[in-house]
Amino acid sequence: MKIIALVSLTTILVVASFATLGFASDPSPLQDFCVAVNDAKSAVFVNGKVCKNPNMVVAKDFLFRGLNKPGNTSNPLGSRVTPVNVNQLPGLNTLGISAVRIDYAPNGLNPPHTHPRATEILVVIEGTLYVGFVTSNPADPALKNKLFTKYLYPGDVFVFPEGLIHFQFNVGKTNAVAFAGLSSQNPGVITIANAVFGSDPSINPAVLTKAFQVEKNIIDYLQAQFWWNID
């Protein structure tokens with residue numbers, strides 16, 4: 001009986017582990033749609049947004065116009081992200097997907113960042129991009145985080161795994177354009193430099209000098225900069 005009980009417990013643990021993995025991304029909806037609204041008094045709360053009464057849903061709730069328009073890249077980074085997530089397109093609520101357009105001036109950079117809730121698949125439409133991502137910390141402390149990079153041209157597709165630091169840099173002499181799909185209705189963005197050096201309130205310099213192994217005057221300089229968000 002003890003052996004049977006042990007086998008049963010092991011089976012339960014294995015099934016529970018797979019069930020946990022199954023919810024690594026946005027959960028599947030339990031209805032056809034849940035158009036997001038801001039009025040919490042007249043709706044049902046699901047997946048971070050409240051649902052519009054299905055009887056009041058109209059076609060425009062599933063429409064976003066404007067991804068044909070170039071983003072303004074007149075900023076120090078020379079790039080601009082035009083997002084289409086649940087905040088711009090309410091019909092995406094509970095559907096586990098979103099999109100962006102990214103415009104790059106020559107030498108424009110989408111700086112190192114992560115999407116904590118989504119994998120990203122990028123397709124280049126115009127220009128030449130140098131892209132890459134860095135793996136999470138390896139189990140062996142003697143090894144370093146591995147960098148994967150590629151040069152992309154029109155029609156090329158590249159995937160950035162969920163949560164990993166990644167970037168895109170326009171190495172061409174002309175403007176570049178890319179579109180991306182993300183596996184979350186609200187993937188989130190953490191721009192590494194902005195979060196570390198531009199937080200409010202600022203991170204204690206003693207923490208950053210030790211973390212980056214530099215002098216305090218360097219940290220003071222970096223924290224004094226204006227850190228741009230391009231979306």
Side-chain angles (χ1 to χ4, degrees), residues 14-29 47-48 67 71 77 79-89 92-104 108-171 176-199 211-212 227-231:
V14 171
V15 171
S17 297
F18 279 109
T20 302
L21 291 173
F23 286 96
S25 297
D26 292 357
S28 298
N47 285 31
L67 282 192
L77 292 172
S79 65
R80 177 68 63 185
V81 174
T82 304
V84 186
N85 57 47
V86 69
N87 297 311
Q88 291 81 35
L89 181 54
L92 286 176
N93 197 39
T94 77
L95 299 185
I97 194 170
S98 58
V100 297
R101 171 183 172 135
I102 314 171
D103 290 274
Y104 315 81
L109 172 69
N110 189 3
H113 64 281
T114 74
H115 300 294
R117 295 180 290 275
T119 293
E120 176 181 349
I121 183 167
L122 182 89
V123 56
V124 177
I125 305 301
E126 299 176 13
T128 303
L129 298 178
Y130 171 69
V131 309
F133 68 87
V134 182
T135 61
S136 56
N137 294 354
D140 184 349
L143 299 177
K144 294 185 177 181
N145 303 65
K146 188 171 182 179
L147 172 66
F148 293 88
T149 63
K150 273 293 182 181
Y151 288 93
L152 303 184
Y153 307 93
D156 288 349
V157 177
F158 197 82
V159 172
F160 305 106
E162 181 174 343
L164 298 188
I165 296 174
H166 60 283
F167 60 86
Q168 303 108 34
F169 181 51
N170 181 5
V171 294
V177 180
F179 289 88
L182 299 109
S183 61
S184 171
Q185 67 180 40
N186 189 14
V189 182
I190 302 172
T191 306
I192 307 304
N194 300 39
V196 173
F197 299 113
S199 65
F212 289 93
W227 294 96
W228 287 81
N229 285 315
I230 59 171
D231 54 2

* **Side chain Arg117, main chain Asn186, donor-acceptor under 3.5 Å** => yes
* To do: Could you tell me whether the side chain of Gln185 reaches within less than 4.5 Å of the side chain of Asn93, counting heavy atoms only?
  => yes
* Asked: If every non-hydrogen atom of Ser98 is compared with every non-hydrogen atom of Pro187, which pair is closest and at what distance?
  -> OG-CD, 3.4 Å
* Check Val124 against Glu126 and note the closest heavy-atom contact, atom names and distance. => CG1-O, 3.6 Å
* Can you see which heavy atom on Tyr104 is nearest to which on Asn170, and at what distance? => O-ND2, 3.4 Å
* **Ala193 backbone acceptor or donor facing Thr191 side chain under 3.5 Å** => no
* Asked: Do Leu92 and Ile97 come within less than 4.5 Å of each other through their side chains, counting heavy atoms only?
  -> yes
* Asked: When Pro83 is tested against each of Leu182, Val100, Leu89 for side-chain contact (heavy atoms from CB on, under 4.5 Å), which residue passes?
  -> Val100
* How about Leu122 and Ile102: do any of their side-chain heavy atoms sit closer than 4.5 Å? -> yes
* Heavy-atom closest pair, residues Thr135 and Asn145 -> O-ND2, 3.0 Å
* Asked: Does a side-chain heavy-atom distance below 4.5 Å link Val81 with Ser79?
  -> no
* Under the 3.5 angstrom rule, does the side chain of Arg101 hit a backbone N or O of Leu67 as a donor-acceptor pair? -> yes
* To do: Specify the closest pair of heavy atoms between Ser199 and Ala195, including all atoms of both residues, with the distance to one decimal.
  => CB-O, 3.5 Å
* To do: Write down the atom of Gly198, the atom of Trp227, and the distance for their closest heavy-atom approach.
  => CA-CD1, 3.7 Å
* Asked: Hey, does the side chain of Ser183 reach the backbone of Ala118 with a donor-acceptor pair shorter than 3.5 angstrom?
  -> no
* Asked: Would you say the side chain of Thr149 lies within less than 4.5 Å of the side chain of Phe167, judging by non-hydrogen atoms?
  -> yes
* So, the side chain of His115 versus the backbone of Gly188: is there a donor-acceptor pair under 3.5 Å, distance only? -> yes
* Asked: At what distance, to the nearest 0.5 angstrom, does CD1 of Ile230 lie from CG of Asp103?
  -> 10.0 Å
* Asked: Would you say the side-chain atoms of Thr119 pair up with the backbone N or O of Glu162, donor to acceptor, closer than 3.5 Å?
  -> yes
* Asked: What is the ring orientation for Phe160 with Phe133, classed by angle as parallel under 30°, tilted 30 to 60°, or perpendicular over 60°?
  -> perpendicular
* Asked: Given side chains that start at C-beta, do those of Leu129 and Phe158 come closer than 4.5 Å, heavy atoms only?
  -> no
* Asked: Side chains of Asn194 and Pro111: does their closest heavy-atom pair fall under 4.5 Å?
  -> no
* Asked: Does His113 offer a backbone N or O that forms a donor-acceptor pair with the side chain of His166 under 3.5 Å?
  -> yes
